[in-house]
Undergrad: 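Below: one structure in structure tokens.
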Amino acid sequence: MPEPQTDQAARIAELAQETGRSVATAESLTSGAVAGRLGAAPEAADWYRGGLVSYHDEVKHEVLKVDPGPVVRDKAARQMAEGVARLLSADAAVATTGAGGPDEQDGQPPGTVFIAVWADGDVRSREFHFDGDPVAVIEKGVDAALQMLLDALSEAASG
């Protein structure tokens with residue numbers, strides 16, 4: 001069972017400090033909510049490099065170097081994570097993109113969320129399908145993003 005967001009962020013802070021890793025965020029669907037959780041975590045100034053809210057497609061393409069085309073896709077989330085890690089010189093990054101609803105976006109039904117984590121040159125991603133209104137989808141996306149980042153940092157710390 002995932003940890004509550006404050007516990008997740010505190011554990012991310014602890015692991016980032018223990019391993020000397022810096023963290024960045026690239027968000028579309030979650031509009032900075034992941035960054036807000038990480039920025040409020042203990043000693044964030046020591047390990048959180050910052051984030052980019054790339055809500056408009058042009059920002060994803062021009063700033064994060066996401067390939068032209070639909071952005072509510074696994075590939076876009078992966079490129080967003082890698083792009084923000086490069087831009088902000090971070091050791092790890094998490095990215096979110098999706099269709100919060102109530103309408104579909106890029107041919108994806110509401111509640112479809114793609115999250116990617118880039119850590120030390122390796123990227124992993126997942127596709128989620130969350131129920132609920134846009135607010136519920138965003139909250140579930142934040143939870144999932146923090147958990148994926150926590151899992152990646154935990155693996156790096158133990159490996």
Side-chain angles (χ1 to χ4, degrees), residues 1-67 71-100 112-128 130 135-159:
M1 183 168 144
E3 301 176 42
Q5 290 174 0
T6 30
D7 292 345
Q8 289 170 317
R11 185 70 181 124
I12 288 166
E14 183 181 312
L15 287 169
Q17 290 177 74
E18 282 176 10
T19 61
R21 284 184 169 75
S22 58
V23 174
T25 55
E27 300 179 72
S28 181
L29 170 81
T30 52
S31 302
V34 175
R37 296 287 193 269
L38 295 178
E43 308 300 327
D46 294 338
W47 56 269
Y48 183 52
R49 299 285 296 174
L52 177 69
V53 176
S54 55
Y55 208 76
H56 197 278
D57 292 359
E58 285 179 18
V59 176
K60 293 176 191 74
H61 299 309
E62 294 173 15
V63 178
L64 293 174
K65 306 302 182 198
V66 171
D67 290 342
V71 295
V72 181
R73 298 284 186 271
D74 179 73
K75 182 177 181 181
R78 296 168 72 88
Q79 290 176 330
M80 288 170 64
E82 184 174 357
V84 79
R86 178 184 33 77
L87 271 174
L88 300 182
S89 300
D91 302 306
V94 62
T96 63
T97 187
T112 304
V113 177
F114 295 94
I115 299 171
V117 173
W118 183 94
D120 301 321
D122 181 46
V123 67
R124 66 181 73 178
S125 58
R126 284 190 58 195
E127 177 177 348
F128 297 89
F130 298 127
V135 172
V137 171
I138 290 167
E139 274 300 306
K140 291 171 185 177
V142 171
D143 284 336
L146 290 172
Q147 190 62 50
M148 283 182 65
L149 179 60
L150 177 57
D151 292 345
L153 291 175
S154 294
E155 287 177 24
S158 65

Undergrad: What I'd like to find out is whether the side chain of V113 reaches to under 4.5 Å of the side chain of K140, using heavy atoms alone.
TA: no

Undergrad: Mind checking salt bridge (Lys or Arg N to Asp or Glu O under 4.0 Å) for D57 and listing every partner two or more places apart, or none if nothing turns up?
TA: K60

Undergrad: Are the side chain of W47 and the backbone N or O of P42 linked by a donor-acceptor pair below 3.5 Å?
TA: yes

Undergrad: Heavy atoms only: give me the nearest E127-T112 pair and the separation to one decimal.
TA: OE2-CG2, 4.1 Å

Undergrad: Does the side chain of D151 pick up a donor-acceptor pair with the side chain of Q147 at under 3.5 Å?
TA: yes

Undergrad: Where do Q8 and D143 land on the side chain to side chain contact (heavy atoms under 4.5 Å, CB included) test, with the steps shown first?
TA: CA-CA 8 Å; Q8 289 170 317; D143 284 336; 4.1 Å; yes

Undergrad: Would the distance check show the side chain of S22 and the main-chain N or O of D91 forming a donor-acceptor pair, the cut-off being under 3.5 Å?
TA: yes

Undergrad: Side chains of R78 and S125: any donor to acceptor distance under 3.5 Å?
TA: yes

Undergrad: Can you see which heavy atom on A10 is nearest to which on A41, and at what distance?
TA: N-CB, 4.4 Å

Undergrad: Might you work through the side chain to side chain contact (heavy atoms under 4.5 Å, CB included) test for M80 and L64, ending with a clear yes or no?
TA: CA-CA 6 Å; M80 288 170 64; L64 293 174; 3.9 Å; yes

Undergrad: When you measure from the side chain of T25 to the backbone N and O of V34, does any donor-acceptor pair fall under 3.5 Å?
TA: no

Undergrad: Measure across G141 and T30 and return the closest heavy-atom pair with its distance rounded to 0.1 Å.
TA: C-CG2, 4.2 Å

Undergrad: Will you find, in the side chains of S54 and S28, an N or O donor that is under 3.5 Å from an N or O acceptor?
TA: no

Undergrad: Would you indicate whether the side-chain heavy atoms of I115 and F128 approach each other to under 4.5 Å?
TA: yes

Undergrad: Report, one line per pair, each donor and acceptor closer than 3.5 Å where one atom sits in a side chain of residues 152-159; sequence neighbours left out.
TA:
residue: S154; atom: OG; partner: L150; partner atom: O; Å: 2.9
residue: E155; atom: OE1; partner: R124; partner atom: NH1; Å: 3.2
residue: E155; atom: OE1; partner: R124; partner atom: NH2; Å: 3.0
residue: E155; atom: OE2; partner: R124; partner atom: NH1; Å: 3.2
residue: S158; atom: OG; partner: S154; partner atom: O; Å: 3.2
residue: S158; atom: OG; partner: E155; partner atom: O; Å: 3.2

Undergrad: Applying side-chain contact (heavy atoms from CB on, under 4.5 Å) between V94 and each of V23, V84, L149, report the one that passes.
TA: L149

Undergrad: Using salt bridge (Lys or Arg N to Asp or Glu O under 4.0 Å) as the criterion, list what pairs up with K75, not counting sequence neighbours.
TA: D67

Undergrad: Please report the closest heavy-atom contact between Y48 and A35, naming both atoms and the distance.
TA: OH-CB, 3.1 Å

Undergrad: Taking the side chain as every heavy atom from C-beta outward, state whether D74 and R126 have any atom pair closer than 4.5 Å.
TA: no

Undergrad: Which pair of heavy atoms, one from A85 and one from W118, lies closest together, and at what distance?
TA: CB-CE3, 3.4 Å

Undergrad: Would you say that T97 contacts R73 through its side chain, given a criterion of any heavy-atom pair below 4.5 Å between the two side chains?
TA: no

Undergrad: Atom CZ of R49 and atom CG of L38: how far apart are they, to the nearest 0.5 Å?
TA: 14.5 Å

Undergrad: Answer yes or no: is there a donor N or O on one side and an acceptor on the other, between the side chain of E27 and the main chain of A33, under 3.5 Å?
TA: yes

Undergrad: Starting from the C-alpha separation in whole Å, work towards a yes-or-no answer on side chain to side chain contact (heavy atoms under 4.5 Å, CB included) for F114 and V72.
TA: CA-CA 7 Å; F114 295 94; V72 181; 4.0 Å; yes

Undergrad: Could you please spell out the steps behind the side chain to side chain contact (heavy atoms under 4.5 Å, CB included) verdict for L29 and Y55?
TA: CA-CA 7 Å; L29 170 81; Y55 208 76; over 6 Å; no

